[in-house]
A.B. asks: 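Let me give you the structure first, and then I'll get to my questions.
Nothing here was measured: the structure is a model prediction, and the numbers come from that model. Numbered from 1 within each chain, the chains take letters A, B, ... in sequence-line order.
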Protein chains: 2
Amino acid sequence: MVISARVHYACVAMLELAIQHDDGAPVAIREITDRHGIPGPFLVQILRSLRALGWVQSIRGSQGGYRLSVDPTTITLLDIAEAIGSQEAGCRTEGKGTPIATMLQEQWDDAADASRSILGQATLSGLVERTQQGDASMFYI
Amino acid sequence: MVISARVHYACVAMLELAIQHDDGAPVAIREITDRHGIPGPFLVQILRSLRALGWVQSIRGSQGGYRLSVDPTTITLLDIAEAIGSQEAGCRTEGKGTPIATMLQEQWDDAADASRSILGQATLSGLVERTQQGDASMFYI
DNA sequence: AGATACTTGACTAAAGAGATCATATTTATA
DNA sequence: TATAAATATGATCTCTTTAGTCAAGTATCT
């Protein structure tokens, strides 16, 4: 479960789109890159991947941008990390199937599963709710 | 928590030394590389790091080899992974401290902590016991 | 003396991460 | 119908890390 910049940016983008999911207007790349300091052309690449997954929809031309095309309650950070991140989440042992290697592999798998379990519970909609509550609480301090 | 080949090999080596910890005789590199198919010079590199940490002791000359120089009940896979693996376990966000980025970072940290928690419970002695029980059970089938 | 085994430092090849660029193409709107 | 605002696409590039290699040296047992 390696969280690369690519994965992180993909999650940021999905969350931004989830926040504005109810608005009809699409969100321009510029809006996201400006807000988060993400290199523009890099985010373009990432959004292409997200579109290929069918998770976002692009609208070309003036006033164009991106829109979430899935239900934000069904997508988790785990989904994004596994789809965008490098394949092979675990560690390839490959050597020989010695008892030690086998048992170690189980430990690596257990550790990876523990991470996955956390990220698999974090839905886009859940996180959006959290950020908005977090924002609101700032006014009460 | 990236488990590279380097970390995996380091754990294999530490476990091999832990198994033969009670014997007086040191373990030769060849013994470990032959058993696990690890590239010899690579394991040498790794053992150097382990020695620098004070976890193993080397005996030069004929009949030489390596010996564990710490109590195997006190070292966990987490210790090895963090010492041998690349520094910076988590994900550096760096961008801007937007609410979304901050909250995402918390999720990455939570996920990493979950992994660390698993690996932090796996002591060398505990794992040695497990492998030996695993081996023993093969005779009962 | 000779075989065995560790020591040390430098070096290399391949892969992945993180972009960056130039050149289309599409569409709203003035 | 221009034109500006956006996305589309494919190629390319640099840097770092990972994994592994090599050569020459030193210590110790028998």
A.B. asks: Got a list of protein N/O to nucleotides 10-12 of chain C N/O distances below 3.5 Å?
C.D. replies:
none

A.B. asks: Is the shortest side-chain N/O distance from S58(A) to OP1 or OP2 of dA6(D) below 4.0 Å?
C.D. replies: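 False: S58(A) side-chain N/O out of range (4.0 Å or more) of dA6(D) OP1/OP2.
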
A.B. asks: Counting only side-chain nitrogens and oxygens, does R6(A) get under 4.0 Å of the OP1 or OP2 atom of dA19(C)?
C.D. replies: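 No, R6(A) has no side-chain N/O under 4.0 Å of OP1/OP2 on dA19(C).
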
A.B. asks: Tabulated below should be each protein N or O lying under 3.5 Å from an N or O of nucleotides 28-30 of chain C; please produce it.
C.D. replies:
none

A.B. asks: Which is true for P39(A) with a 4.0 Å heavy-atom rule: it touches a base, it touches only sugar-phosphate, or it touches nothing?
C.D. replies: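 Sugar-phosphate, no base atom in range.
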
A.B. asks: Using a heavy-atom cut-off of under 4.0 Å over every strand shown, decide if G40(A) touches base, sugar-phosphate, or nothing.
C.D. replies: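 Touches nothing.
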
A.B. asks: With respect to the side chain of V44(B), which nucleotide from dT21(D), dC6(C), dT8(C) is positioned closest?
C.D. replies: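 Among dT21(D), dC6(C), dT8(C), the one nearest the side chain of V44(B) is dT8(C).
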
A.B. asks: With sequence neighbours excluded, give me every side chain to side chain donor-acceptor pair (under 3.5 Å) pair touching residues 63-79 of chain B.
C.D. replies: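 Listed by first then second residue: D71(B)-T73(B), T76(B)-D79(B).
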
A.B. asks: Which is true for L47(A) with a 4.0 Å heavy-atom rule: it touches a base, it touches only sugar-phosphate, or it touches nothing?
C.D. replies: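 Contact class for L47(A): none.
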
A.B. asks: Please give, in whole Å, the distance from dT14(D) P to F42(A) CZ?
C.D. replies: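 Spelled out: CZ on F42(A) to P on dT14(D) is 17 Å.
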
A.B. asks: Which residue, G64(A) or R51(A), contacts DNA chain D at a nucleotide closer to its 5' end, judged by nearest heavy atom?
C.D. replies: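 Looking at the nearest nucleotide for each, G64(A) comes out on the 5' side.
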
A.B. asks: Please report the distance, rounded to the nearest Å, between NE2 in H8(B) and P in dA19(D).
C.D. replies: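 The answer, rounded to whole Å, is 11 Å.
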
A.B. asks: Using whole Å, report how far CD1 of I46(A) lies from P of dT7(D).
C.D. replies: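 About 14 Å, once rounded to whole Å.
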
